[in-house]
Number of protein chains: 2
Amino acid sequence: MSTIATLTDVAKAANVSKMTVSRVINHPEQVTDELKALVFKAMKELDYQPNFAAKALAANTTRIIKLIILEKVDTVEPYYATLLMGVAQALNEHQYALQVVTQKNADIGDCDGYIITGARRDDFDWLNQLNRPTILFGENRHNYDYVDSDNKYGTFLATSAAINDGYDQIIFFGIELKESFEYSRERGYMDTMQKDGRNPQIVRFGNHSSEAQNYVENHWHEFKPNTCFVCSSDRLAIGVERGIQHMHGNIPDEFGIIGFDGVFLDQIADPKLTTVKQPVMTMGSKVAALLLQKINLALPMSEDHDPDRNNRVEVMFSPELIRRQTTRNYHRS
Amino acid sequence: MSTIATLTDVAKAANVSKMTVSRVINHPEQVTDELKALVFKAMKELDYQPNFAAKALAANTTRIIKLIILEKVDTVEPYYATLLMGVAQALNEHQYALQVVTQKNADIGDCDGYIITGARRDDFDWLNQLNRPTILFGENRHNYDYVDSDNKYGTFLATSAAINDGYDQIIFFGIELKESFEYSRERGYMDTMQKDGRNPQIVRFGNHSSEAQNYVENHWHEFKPNTCFVCSSDRLAIGVERGIQHMHGNIPDEFGIIGFDGVFLDQIADPKLTTVKQPVMTMGSKVAALLLQKINLALPMSEDHDPDRNNRVEVMFSPELIRRQTTRNYHRS
DNA sequence: TTGTAGGCGTTATCAT
DNA sequence: ATGATAACGCCTACAA
């Protein structure tokens with residue numbers, strides 16, 4: 001029999017009813033250990049794989065999660081690709097299907113929950129219409145549950161490193177966006193600077209390497225040797241790197257650069273960027289896991305509501321400073 | 001009723017049986033135009049969306065397609081991300097779910113078909129075990145159906161451009177891989193060179209920018225000004241660009257560079273790469289479409305077998321030469 | 001603790 | 001050309 005084993009097949013093999021098998025899977029505590037053992041054995045022998053579609057149908061559920069990538073189309077950035085892999089992995093483990101979708105076609109077809117990434121201020125009106133459990137990827141001030149990296153801590157790491165490495169002037173190149181993640185990154189920089197009795201200095205750009213590059217070249221006279229540029233993205237950092245190279249500045253001795261993200265771009269740069277690396281893949285798995293958890297809690301059957309279920313879920317992952325070639329690896333003592 | 005409309009709801013609204021509605025969807029030719037009109041109207045009014053899971057269950061089908069990305073884990077390259085978007089889009093339109101999977105967990109859970117990308121010679125033993133319709137992304141000599149860009153034509157475009165732009169020496173930087181796509185690219189270069197009475201010259205590397213860069217620097221004396229480097233990937237092209245820059249060669253007047261792929265990297269480079277761009281997203285949609293077609297043909301009901309269904313399906317997309325900053329845009333007359 | 005009956009939404013089959 | 005029925009695999013509700 002090369003056909004795929006069903007609940008019924010397992011039940012027969014184990015000499016029990018379908019329901020017992022179903023219970024072994026969904027409510028194992030209700031079944032005696034003896035029977036459980038028998039059922040497990042049968043499942044293993046038949047290589048039983050639950051039927052995704054039947055499960056969905058019976059539970060009045062789709063077992064589909066939509067990942068909505070807001071933002072311009074050209075955002076096929078490595079960052080999102082990595083995130084996607086993380087999400088896909090976690091979802092697969094729990095027999096959920098992933099649909100990657102853009103805002104336009106997000107409405108067609110039902111689903112059990114949404115993962116949203118790249119949400120900006122303007123998007124929240126639209127987001128509020130979604131009537132399914134939702135988790136955002138990226139911190140926000142609209143009370144949505146989210147997963148993000150600890151942006152403030154990230155720039156704390158970067159700024160501290162710049163200080164430790166002995167750079168005199170430390171400038172922050174930020175992204176010209178009134179978004180929460182950017183505020184946090186700037187805050188991390190500013191606090192760290194002030195704690196060390198230094199004057200913060202922030203410049204902002206659209207997130208394009210050319211803008212940062214032009215700025216560096218046009219304001220070259222303002223940067224004395226021994227300056228470090230702490231950037232809010234690897235894109236900006238690459239621009240800075242190019243600007244310095246075009247002006248024949250020395251990296252990392254005269255000028256340091258620290259990026260943010262640590263996905264692909266940092267390695268493409270030459271010299272390779274010292275950067276604040278986010279564990280993007282892990283974060284992807286986490287959003288997915290949280291969403292599934294939320295979906296299951298929303299199900300009527302779960303009586304054992306988490307008491308603080310009303311609270312917002314905010315998960316922050318600690319980024320990590322990766323030292324490469326755009327900072328001196330020299331610590332002041 | 002904010003509940004989701006089902007076939008039955010539509011049937012009631014249109015005063016017909018469920019089956020008629022089902023037929024309107026799946027076998028419209030069997031239904032009279034009058035009834036069809038009624039049913040369509042009802043479907044629109046109720047905003048009917050077919051239930052994915054029920055369809056799957058009834059058809060003894062999973063409606064799941066697995067996209068298997070063979071190759072090292074760090075291959076979260078923009079290239080694959082773009083491909084993925086294309087696949088996802090086409091699949092969503094047909095109510096199929098996409099599972100992104102690596103070789104390891106490819107075996108868990110059933111599916112209706114596979115899309116394979118990054119298959120190398122060694123992988124084919126494993127591929128042969130897959131007992132579901134399969135389409136490869138990437139040309140191959142193992143008789144698998146595939147979609148790819150026309151690699152040979154791509155390097156023909158690149159080489160012709162280099163010739164037209166008046167470069168004296170034209171060298172091919174290939175990828176050290178005994179794979180079909182690489183053979184085709186080299187063939188396109190060689191044929192075009194020979195047709196113009198020139199001597200082809202090929203060097204090969206692992207697909208890393210640093211290898212190409214080192215080579216350029218170490219063999220710098222061999223490259224007279226007015227040389228163009230035709231590369232088998234944008235990665236290699238970036239390495240060449242860096243090598244030339246480190247040796248203070250002038251781009252594009254003394255040295256031209258043409259990359260291959262046209263996904264992300266070409267735009268990140270500075271100066272931006274002239275490159276052979278593949279329509280990756282479109283190609284992704286096409287693989288998906290082909291696979292769905294193949295799956296439906298495999299279904300017993302389709303009696304009207306395409307007569308040459310036994311033939312292998314090979315779809316080649318024409319790449320396009322994008323002229324940017326690493327070639328002179330100067331045509332010899 | 002375990003088993004039985006019925007239904008989730010769709011489609012194929014057979015009947016009309 | 002259209003409709004009634006059964007079945008896909010699983011789960012909830014109820015019965016034993």
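So that the names make sense, note that chain A is the first sequence line, chain B the second, and so on, each numbered from 1. Below, each value reflects all heavy atoms present in this structure, side chains not excepted, and no hydrogens, waters or symmetry copies.
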Please write out each protein N/O paired with an N/O of nucleotides 6-9 of chain C under 3.5 Å, distance rounded to 0.1 Å.
residue : atom : partner : partner atom : Å
C/dC8   : O2   : A/A58   : N            : 3.4

Bending between helix ends of the helix from C/dT1-D/dA16 to C/dT16-D/dA1 [5 pairs per end, 10° resolution]: 40°

Sequence neighbours excluded, the answer for salt bridge (charged side-chain N to carboxylate O under 4.0 Å, His left out) partners of A/E314 is A/R312

Nearest-Å distance for atom pair CE/P, residues B/M19 and D/dA1: 14 Å

Short side-chain N/O contact to C/dA12 OP1/OP2 from B/H27, under 4.0 Å: yes

Using the salt bridge (charged side-chain N to carboxylate O under 4.0 Å, His left out) rule, collect all pairs that involve residues 4-22 of chain B, keeping only residues at least two apart or in two chains. none

Select from A/R23 and B/V31 the residue whose nearest nucleotide in DNA chain D is closer to the 5' end of that strand. B/V31

Rounded to whole angstroms, how far apart are CZ on A/R63 and C1' on D/dC11? 12 Å

Set of ring pair (Phe, Tyr, Trp, His ring centres under 6.0 Å) partners for B/H94, sequence neighbours left out: none

Between B/V280, B/D148, B/T282, which is the residue that forms a side-chain contact (heavy atoms from CB on, under 4.5 Å) with B/F317? B/T282

Please output the side-chain donor-acceptor pairs of residues 95-102 of chain A that fall under 3.5 Å, not counting sequence neighbours, one pair per line with the distance.
residue : atom : partner : partner atom : Å
A/T102  : OG1  : A/N105  : OD1          : 2.7

C/dT11 phosphate, OP1 or OP2, under 4.0 Å from B/S22 side-chain N/O: yes

Is the phosphate of D/dT2, meaning OP1 or OP2, less than 4.0 Å from a side-chain N or O of B/T32? yes

A/K12 NZ to C/dG3 P, straight-line distance once rounded to whole Å: 15 Å

Inspect the contact between B/K277 and B/D261 and indicate whether a charged nitrogen and a carboxylate oxygen are less than 4.0 angstrom apart. no

Under the side chain to side chain donor-acceptor pair (under 3.5 Å) rule, collect the residues that match up with B/D150, sequence neighbours excluded. none

Using OP1 and OP2 only, check whether a side-chain N or O of B/N26 sits under 4.0 Å from C/dT10. no

Can you measure B/Q95 atom CD to C/dT10 atom C1' for me and round it to whole angstrom units? 12 Å

Just to verify, what does A/S149 make a side chain to side chain donor-acceptor pair (under 3.5 Å) with, not counting sequence neighbours? A/Q278

Of all of residues 40-47 of chain B, which get a heavy atom below 4.0 angstrom from DNA chain D, listed by number? none

Does one side chain, of B/T62 or B/D112, offer a donor that lies under 3.5 Å from an acceptor on the other? yes

Just grab all the salt bridge (charged side-chain N to carboxylate O under 4.0 Å, His left out) pairs involving residues 121-139 of chain B, residues at least two apart or on different chains. B/D110-B/R132

Could you state the atom-to-atom distance from CZ of A/F52 to C1' of D/dC11 in whole Å? 16 Å

Sequence neighbours left out, cut at 3.5 Å: what donor-acceptor pairs do the side chains of residues 35-58 of chain A make with other protein atoms?
residue : atom : partner : partner atom : Å
A/K36   : NZ   : A/P28   : O            : 3.1
A/N51   : OD1  : A/A53   : N            : 2.8
A/N51   : OD1  : A/A54   : N            : 2.9

Residues passing the side chain to side chain donor-acceptor pair (under 3.5 Å) test with A/N128, sequence neighbours excluded, are A/Y144

How close or far is atom C1' of D/dA1 from atom CD of B/E34, stated in whole angstroms? 11 Å

Atom CG of B/D110 and atom P of D/dC8: how far apart are they, to the nearest Å? 16 Å

